[in-house]
Amino acid sequence: MQHEGSLPMTTTAQRQVEPRYDAVAIDRKWQERWERDGIYRVEDSDPRPKWFEMTMYPYPSGDLHIGHWYAMAPSDAHARFRRMQGYNVLHPIGFDAFGLPAENAAISRGVHPYEWTMSNVENMRRQLRSLGAIYDWDREVVCCLPEYYRWNQWFFIKLYEKGLAYRAKAPVVWCPSCQTVLANEQVLNGVCERCDTPITRRDFEQWFFRITDYADELLDFDTLDDWPDKILTMQRNWIGRSEGVEIGFDISDYGLEEREIRTFTTRIDTIFGVTFIVLAPEHPLVPKLTSESKRAEVEAYVERARASSEIDRLSADREKTGVFIGASARNRLNNEQVPIYVADYVLTTYGTGAVMGVPAHDDRDLEFARKFRLPVRTVIAPIEWDGREPTEAYLGNGFMTNSGAYEGMTNEEGTAAISKDVEGRGWGHRTVTYRLRDWLISRQRYWGTPIPMVYCDDCGVQPVPESELPVLLPEDAEFRPTGESPLAINESFVNTVCPNCGGPGRRETDTMDTFMDSSWYMLRYCTPQFDGGPFEADTTADWMPVRQYTGGAEHAVMHLLYSRFFIKSLRDMGMLDIDEPFLRLFNQGVILGSDHEKMSKSRGNVVNPDDVVGQVGADAVRCFLMFIGPWDQGGPWSDEGINGVVRWLNRMWNLVEYDAGELDSSPTDPAAVRDTQRVLHQTIRKCYDDLDKFKFNTSIAALMELVNHLSRVWNDQSVDSATWRDSTEKFLLMLAPIAPHVAEELWERTGHAYSVHQQPFPKWDDDLAAEDEITLVVQVNGRVRDRITVSAGIGEDEARQLALDSQRVQAHVDGKTVRNVVYVPGRLVNVVVG
RNA sequence: GCCGAAGUGGCGGAAUGGUAGACGCGCCGGUCUCAAAAACCGGUGGGAUAAUAUCCCGUGUCAGUUCGAGUCUGACCUUCGGCACCA
């Protein structure tokens, strides 16, 4: 999930500003105390309202990267803020511990994936503790352990029994030299990253989950409280619902079992403009229809297409390629024979894997027709059409032309009429297609959850009985490429008995996609030790759905769609009574190196949090990460920038440590007291609103302004000790969620009862926060010409008069006619002259 | 290429359609010091000007809507995330 790769760290620059307190000792002191007292232990029975706030769990890549801190420190601050608002907050942590990097480490370093993963987990636990987060470690989830993955297997069987898991052939990327399946990541520019051999694709029988059964429901975002619009848009586009018509083109002349080519179109109104048919290279009819004279050419083309990626194939930039297969099909609406091509811009995974080519009204078809000199026939006439062939495909609405009985209809009418007629004659039917494909769950890898299925010659595919779970991942496996799944080598794993007949059986040797683990881990956090099922229903029902989820936007579609599907399918199996896993979502951005580039070992711009925390303490790092800028935008790390935060913490430390009693030996200025109260209460309001909305940067800026103000009034000795104490106390409470260690330390030093983290967030008073005077901006024709200080309660008439009376305004109005005066209460007066 | 975002001082950024540049970094000046660092105080978008008076320019580019646009609309440019086996 959070995947900051394991990278060598550069040593950070010598810092000029050092904390004026012993940050490392304070971190350690309070982390140990909180742990000992268990103040972050989460009780299911706690009567306060529950708030389940999750951050995407990390992949245990080795070292905690500053990117992990960027994901986790602000989310912890937000969860702490919810605690202070009076919620019983569950803010858990775990490890996304299955996956490819562990196998890569096994191959390159000879370490077993288990050893590699668990030692990384151990290290990252230590590093995560240094954050000072409110994680309840008793609820940790590590999904490569049998007590977790057995439930992956349990769910798999439930989905299988429900008809939501099935087997089908699907291509995988294959390196012919390594004789192994490659991940997309292992392919660079079409060649295997290990041996530089050009890749190809092979078809394997693999397991799928029927996420497409839920496509329509996944498009319903109504119950999602607060998800970024961009994520919803991306999911909507990813699902890609299209209404259209599946229509057959007659190929009965060829005497095949298939008597037609089925194509899907969203533009049945353009059916009279079809001048060719294109099949995907993988389409089963390609070998059957290809003429002998074209066979060699077609086969070579198909082989080439299998080597190219979908991104390349779909690129509208690339010149269209294709081959005529020496066959034709009949368009039943006009009885025309049209040639059949194979071309890689058509994919088997969308629609029917075959398209009707209408070059006049589709960009890609037009490009293809031009390349192969195929006719272009306009069948939808633009509203004011001069009758000439357009130079671009016309995608808009118009009147049906060259369209037989439908001539002269609008194309909307034509769509309806043709759809109806086509259905009446049995040539096709209206249907809905999705760009979304079923979820391919099989991986030909070792380090994952074994798929709990057995193949029996007599009984076919059989699920492993629930009582025999987990199917343990055997320790011994061959990681080096052999052409087979690593588990297939292990005879004692593979050979088993058929659960149905007791005869010999062979286990499935593929493992599951790691998105399986992350699809339901939120449920496991609720009752992590429960062994009667993946989760205990009642307690989990109390916590779920997750009230707030945070993580990287790279998971906008896949992970988030899979887990939404998972929860819906569990609901339909009666295990849960919720529709969505995550009510609210917030995506943080990416932290960059101080050179504003993505952190990478080759750039040498990687920051090691252990180093920085060792110098300035966890709180300064937390504050700086939150202060960089808006959390959802990410931003560059800065060794210099963190000085500002350290300096601020030093200044506030001093202020809080002053002996407030000194103030009472000098006269008190009532105006300063009033100002201090106003600034304090405005800060509370600002801080509260901003923390609520993940606007950490501006809430810290507000706290800095409060410190600046307090610093001034201390220098002036202008307030009384009670005002001072009230201000610093409330300040510490606001500081607590973002800088938990120093806030706790100063809370103790100022004589408060342990713990600051068990206090409510301070409340503001609107009267105390109110301004007495405001600055009224006076504009002439929208340009600022004067600013006048007026009472906050000024009336409209008075404000207009003051504006018109202004000498600066009169200088600009002089000799012109005042046409309008715009008044915005509390803000401005704009005098419009001309 | 397709889908989704983001472009504001030297830098990170702030700004319910209403004072552009809050807060911080850096820099400049001052206090303290034998000196430096730290700390503290003050200044800091560009230009014209003797001026902290006043005026002009300024939020990626070009148009538009509006009394008023960083903010809304359209087109374009650049950068970033995703594209189904990295997680």
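Proteins come first, then strands; the chains are lettered A, B, ... in the order of their sequence lines, and each starts at number 1. As the structure is a computational prediction, the values presented were derived from the model and not from experiment.
Nucleotide rG82(B) holds its P atom 19 Å from the CG atom of Leu232(A), rounded to whole Å. Going from atom CZ of Phe515(A) over to atom P of rC86(B) covers 8 Å, rounded to whole Å. Atom CG in Leu560(A) sits about 14 Å away from atom C1' in rG81(B), given to the nearest Å. At whole-Å resolution of the value, CG in Asp632(A) and P in rG7(B) are 10 Å apart.
Counting only heavy atoms from C-beta on, Met234(A) has its side chain closest to rG81(B) among rG81(B), rC67(B), rC85(B). With rC85(B), rG82(B), rG1(B) as the choices, the nucleotide that has an atom nearest any side-chain atom of Arg445(A) turns out to be rC85(B).
Nucleotides rC57(B) and rA20(B), compared at atom C1', are 13 Å apart to the nearest Å. Taking the P atom of each, rG58(B) and rG9(B) are spaced 14 Å apart, rounded to whole Å. Atom name P, nucleotides rG7(B) and rG26(B): the rounded distance is 25 Å, in whole Å. Of the P atoms belonging to rC32(B) and rU19(B), the separation is 42 Å, rounded to the nearest Å. Taking atom P on both rG42(B) and rC23(B), the two are 12 Å apart, rounded to the nearest angstrom.
Salt bridge present: Glu796(A) and Arg800(A) bring a charged side-chain N and a carboxylate O closer than 4.0 Å. Ion pair Glu310(A)/Arg437(A) flagged as a salt bridge, since at least one NZ, NE, NH1 or NH2 atom sits closer than 4.0 Å to an Asp/Glu carboxylate oxygen.
Between His555(A) and Phe515(A), the two ring planes are perpendicular [angle over 60°; tilted spans 30° to 60°]. Note on ring orientation: taking the six-membered ring where Trp is involved, the planes of Trp439(A) and Tyr562(A) are parallel (angle under 30°, cut-offs 30° and 60°).
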Using a cut-off of under 3.5 Å, enumerate the N/O to N/O pairs linking the protein to nucleotides 73-80 of chain B.
none

Any N/O pairs under 3.5 Å between the protein and nucleotides 27-31 of chain B? List them or say none.
none

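Asn650(A) places a side-chain heavy atom less than 4.5 Å from the side chain of Val17(A).
When heavy atoms are screened at a 4.0 angstrom cut-off, Val173(A) is found touching no nucleic acid atom at all. Looking at heavy-atom distances under 4.0 Å, Thr349(A) makes no contact with the nucleic acid at all. Base contact: Trp238(A) has a heavy atom under 4.0 Å from a base atom. No engagement by Leu703(A) is indicated, since no non-hydrogen atom pair under 4.0 Å with the nucleic acid exists. Heavy atoms of Val181(A) sit under 4.0 angstrom from at least one base atom.
Side-chain contact of Gln633(A) with Gln588(A): a donor-acceptor pair under 3.5 Å is absent, judged by distance alone.
Both the sub-6.0 Å distance and the 45° axial angle are not jointly satisfied by Arg20(A) relative to the ring of Trp653(A).
Where Asn237(A) and Val557(A) meet RNA chain B, the nucleotide closest to each residue was compared, and Asn237(A) sits on the side nearer the 5' end. Place Ile231(A) and Val832(A) on RNA chain B by their nearest nucleotides, and Ile231(A) ends up nearer the 5' end.
Evaluation of the salt bridge (charged side-chain N to carboxylate O under 4.0 Å, His left out) rule for Arg443(A) yields Asp513(A) as partners, not counting sequence neighbours. With sequence neighbours left out, Arg167(A) forms a side chain to side chain contact (heavy atoms under 4.5 Å, CB included) with Glu205(A), Trp207(A), Tyr455(A), Val461(A), Glu508(A). With sequence neighbours left out, the ring-ring contact (aromatic ring centres under 6.0 Å, His included) criterion links Tyr214(A) to Phe565(A). Take Glu392(A) and apply the salt bridge (charged side-chain N to carboxylate O under 4.0 Å, His left out) test, not counting sequence neighbours, and it matches no residue. Checked against ring-ring contact (aromatic ring centres under 6.0 Å, His included), Trp648(A) has no partners two or more places apart in sequence or in another chain. Listed by chain and residue number, Phe627(A) satisfy the side chain to side chain contact (heavy atoms under 4.5 Å, CB included) test with Ala701(A) (two or more places apart in sequence, or in another chain).
With hydrogens and angles ignored, no donor-acceptor pair under 3.5 angstrom links the side chain of Glu310(A) to the base of rC2(B).
Here Arg437(A) does not reach the OP1 or OP2 of rC83(B): none of its side-chain N or O atoms lies under 4.0 Å away.
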Hey, can you pull the donor-acceptor pairs under 3.5 Å for the side chains in residues 184-191 of chain A, sequence neighbours left out?
unit_1, atom_1, unit_2, atom_2, d
Gln186(A), OE1, Ala183(A), N, 2.7

Fill in the blank from the handout: Each nucleotide of nucleotides 12-23 of chain B classed B (base within 4.0 Å of a protein heavy atom), S (only sugar-phosphate) or -, in 5' to 3' order, makes BSSSB-BBS-BB
Fill in the blank from the handout: Going 5' to 3' through nucleotides 36-54 of chain B and flagging B where a protein heavy-atom sits under 4.0 Å of the base, S where only the sugar-phosphate is that close, and - otherwise, we get --SSSS------------S
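The aromatic ring centroids of Tyr57(A) and Tyr521(A) lie less than 6.0 Å from each other.
When Leu592(A), Ile66(A), Val590(A) are each tested for a side-chain contact (heavy atoms from CB on, under 4.5 Å) with Met599(A), only one passes: Ile66(A).
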Handout entry: side chain to side chain donor-acceptor pair (under 3.5 Å) evaluation trace for Asp365(A) with Tyr345(A)
Key = CA-CA 10 Å; Asp365(A) 292 350; Tyr345(A) 77 94; 3.0 Å; yes
Practice task
Dump the intermediate steps for side chain to side chain donor-acceptor pair (under 3.5 Å) on Thr550(A) and Thr55(A), then the final yes or no.
Solution key: CA-CA 5 Å; Thr550(A) 62; Thr55(A) 192; 3.2 Å; yes
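Helical stems in RNA chain B, defined as runs of 3 or more consecutive Watson-Crick or G-U wobble pairs with both donor-acceptor distances under 3.5 Å, are listed by first residue as B:1-7 with B:77-83, B:10-12 with B:23-25, B:26-31 with B:39-44, B:45-48 with B:54-57, B:60-64 with B:72-76.
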